[in-house]
Peer 1: 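Sharing a structure below in structure tokens format, with a few things to ask.
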Amino acid sequence: MNAKPPSTFHHVFVRGKSPRTLLLLHGTGGNEHDLVSLGRNLDPEASLLSPRGKILENGLPRFFRRLAEGVFDEEDLIRRTHELADFVKEAATSYSLESERIYAVGYSNGANIAASLLLLRPDILAGAALLRAMVPLVPEVLPKLNKISVLLLCGRYDPLVPEENARQLAALLTDAGAAVALHFENAGHQLTEHTFDATHRWLADQPF
Ligand code: MLT
């Protein structure tokens with residue numbers, strides 16, 4: 001019998017038919033339901049694990065605290081990253097997931113904590129699609145990401161993520177050994193049809 005579902009995060013879990021799991025991480029003001037249909041459309045067969053961020057900023061859920069727009073509370077970010085990593089491990093046990101097949105799909109604040117997971121807990125994810133992400137932190141010691149596949153989809157006109165910052169994130173992950181694909185779309189911070197199509201194609205190329 002499986003252990004009981006993890007209770008550290010409100011979350012949605014939808015069991016799929018393939019060994020892959022998508023860890024869906026919403027943006028500021030989202031919740032655990034936000035990305036479920038996107039995840040299902042991205043991969044009709046995968047299991048979906050979608051937690052809700054625990055921080056409330058003026059009532060809006062997020063995955064970690066920030067001091068101002070684009071300025072992160074690093075101590076809180078580190079703590080929340082480990083908390084999320086532990087939740088994913090616990091969920092993998094409770095729901096009998098293949099832990100080497102967990103791919104993050106994160107948007108905005110969710111993409112930022114997914115990038116932080118890669119940098120601080122490199123054992124958790126098999127790959128990550130980071131949609132409108134920025135550098136969450138620069139760790140003292142770079143992890144060994146061993147060619148783990150990372151898709152970075154950025155908006156050329158994104159008012160929250162300057163192009164330079166997205167390039168720095170790509171460089172940081174590449175220096176850590178990830179296989180990074182960086183693309184700029186003619187878009188702002190919002191997701192577009194192109195973001196969806198590119199993520200869909202990237203996922204189809206990942207082993208499951
Ligand atoms: C963040 O705080 O993670 C980024 O600024 C993106 C967002 O607005 O959530």
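All ligand and atom numbering here is 1-based and tracks the order in the structure. Values below: all heavy atoms of this structure, side chains included; hydrogens, waters and symmetry mates excluded.
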Peer 1: Looking at Glu75 and Arg79, is there a salt bridge between them, counting it only when a charged N and a carboxylate O are closer than 4.0 Å?
Peer 2: no
Peer 1: Answer yes or no: is there an ion pair linking Glu57 with Arg65, defined by an N-O contact shorter than 4.0 Å?
Peer 2: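 Judged by the 4.0 Å cut-off on N to carboxylate O distance, Glu57 and Arg65 do not form a salt bridge.
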Peer 1: Under 4.0 Å between a side-chain nitrogen and a carboxylate oxygen: does that hold for Asp86 and Arg121?
Peer 2: yes
Peer 1: Which parts of the protein, at residue level, reach under 4.0 Å of ligand 1 through a heavy atom?
Peer 2: Thr28, Arg62, Phe64, Arg66, Gly70, Phe72, Ser108, Asn109, Asn112, Leu160
Peer 1: Below 4.0 angstrom, N of the basic side chain to O of the carboxylate: do Arg20 and Asp43 qualify?
Peer 2: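 The answer is yes: the pair qualifies as a salt bridge.
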Peer 1: Below 4.0 angstrom, N of the basic side chain to O of the carboxylate: do Glu185 and Arg132 qualify?
Peer 2: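 Counted as a salt bridge, because a side-chain N and a carboxylate O are separated by less than 4.0 Å.
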Peer 1: Parallel, tilted or perpendicular: which describes the rings of His26 and Phe63, with under 30° parallel and over 60° perpendicular?
Peer 2: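 Rings of His26 and Phe63: tilted, 30 to 60°.
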